[in-house]
Amino acid sequence: MAKKFNLKYGVFLPLVLLITIFLWAVPVSFYGIEALTVVQQRVIALFVFAALMWIFEIIPNWTTSLLVIVIALLTVSNKGIGFFCDPEYGTLVPYARIMSSMADPVVMLFLGGFVLAIMAERYGLDVTLARALLKLFGTKPEVVLLGFLLMIAVFSMFMSNTATAAMMLALLTPVLSKLPADDKGKVGLALSIPVAANLGGIGTPIGTPPNATAKGALEQAGIDISFGEWCVHMIPYVLIMILIAWVLLRLFFPFKTKKLVLEIPESNKKKDWKLYVVWITFIGTILLWATEQLTGINSNIVAWIPLAVFTATGLFGKEEIKEINWNVLWLVAGGFCLGYLMQDTGLAKVLIQAIPFGNMSVVLVLIVAGLVCYLLSNFISNSATAALLIPILIVVANGMADPEAANNAQFLALGGTQAMIVFIAMCASIAMLFPISTPPNAIASATGMVETKDMTRIGLIIGLVGFVLGYFWLTKLFPFA
């Protein structure tokens, strides 16, 4: 019996390799950029390689990130392959700089977030908080739906949206099973999981990988948005979007049932010193993140506190380390590596000078960039999309932020680099058209209650409203100062 033809390895992989080798091997003059060096040409080829591998997902996305880092170390670093890494080919990147992308401060911030989420789940903080929050919403189905949307959004600000969606599905399953088969409200409740999980992550820098990529890219550009500043700007946006989603879900999937009783089991964790350590550390870490401007302690440093406390007390050991979502950290690191390469080889500066970003319409650049990010994120990982686009758009933003650029005043009036990069991260998170768009979408689809057409209909409206509101929110209504 003949083996099934593998499209990824039989067509896409050879195609990606051919394109990459072509871009790598052609004369530098092929690009038509006068100041381009051989090293910068290699970075372009590496960037295209990463983009195509992420889009086609020939291998896991985090594996592509690791490949990018290794290839960069071998071919454009100051300690790479001898005949490749000759300074006469252009400015080489210090190898330690490339390696540092694996331990970028923002990667460490995300690591701290993962540690908190793991401990919250292990010691029942998630269920305890869920019980406490849902007591506020009574038994009226419409109000319970709002309660779930708000609760899922809040959890997604500090936990992986995938973990939040999985947890909330477990809490919702008994409720969904009690509702009549013909009650459309079941679909609305099931859809509340991905909608709120995707939107909630926008609220904090650790809520979703695109936020981490955006924060890291901004720091590379010399712009630091504190944890608290991000929350102050983006949580109100999330709350507005949650209210819009609530109205839409009620409109499209009205409840027939007049009363909902939620039976969430008590956490079976006994109240001992370990539980108190987790609670105190959890609350203390979030408070320090939220008060960064008052305490002066950088949020990336704060992220190490829970790891130090939990390991020192023996609560976080080798078994817990296995639960950390390392593939997300490595994927984000690959995006940072591409950003380092563009900046340190001088490619970013060359592109700014070669492409007249400074003369383009700022509004057009923002809208087109946002749409590209939104469309890509519906088909490939939003983390990969952000890692692909944000390093490019930092270059674009630098070009428009140049005091000599014709559109400099307009760009700054629309929020500048902060608005552009945060907007792109936001566009990655509002992409939720299909079950494949995000893991929470897939989780909701797995319930068997949500048809793809319903998910696409709600996702399209939320995406459109979120895009328009996000643009005006970040450029006009509440821009980063």
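Scope of the values below: all heavy atoms of this structure, side chains included, with no hydrogens, waters or symmetry mates. We're numbering straight along the sequence, starting at 1.
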Would Phe434 and Met455 satisfy side chain to side chain contact (heavy atoms under 4.5 Å, CB included), going step by step from the backbone distance to the final call? CA-CA 6 Å; Phe434 313 111; Met455 183 176 286; 5.6 Å; no
Could you walk me through whether Thr204 and Met234 pass the side chain to side chain contact (heavy atoms under 4.5 Å, CB included) check? CA-CA 7 Å; Thr204 69; Met234 300 313 296; over 6 Å; no
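Considering all non-hydrogen atoms of both residues, Leu249 and Gly188 come closest at CD1-O, 3.8 Å. Closest approach of Leu388 and Pro391 over heavy atoms only: O-CD, 3.8 Å.
Between the side chains of Asn211 and Thr208, no donor-acceptor pair is found at a separation under 3.5 Å. No donor-acceptor contact under 3.5 angstrom links the side chains of Asn198 and Asn382, judged on distance only.
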Just distance, no hydrogens or angles: give the donor-acceptor pairs under 3.5 Å from side chains in residues 53-61, sequence neighbours left out.
residue, atom, partner, partner atom, Å
Trp54, NE1, Asn61, O, 3.2

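To the nearest 0.5 Å, the span separating SG on Cys373 from CD1 on Ile390 amounts to 7.0 Å. For the atom pair CE (Met449) and CG (Asp454), the distance works out to 13.0 Å, reported to the nearest 0.5 Å.
Taking the six-membered ring where tryptophan is involved, the planes of Trp473 and Phe478 are perpendicular, since the angle between them exceeds 60° and thus also 30°.
Ring to ring, Phe110 and Phe114 are close: their centroids are under 6.0 angstrom apart. Taking the six-membered ring for Trp, Tyr276 and Tyr123 have ring centres at least 6.0 Å apart.
Between Ile421 and the options Leu474, Val396, Ile394, Ile225, a side-chain contact (heavy atoms from CB on, under 4.5 Å) holds for only Ile394.
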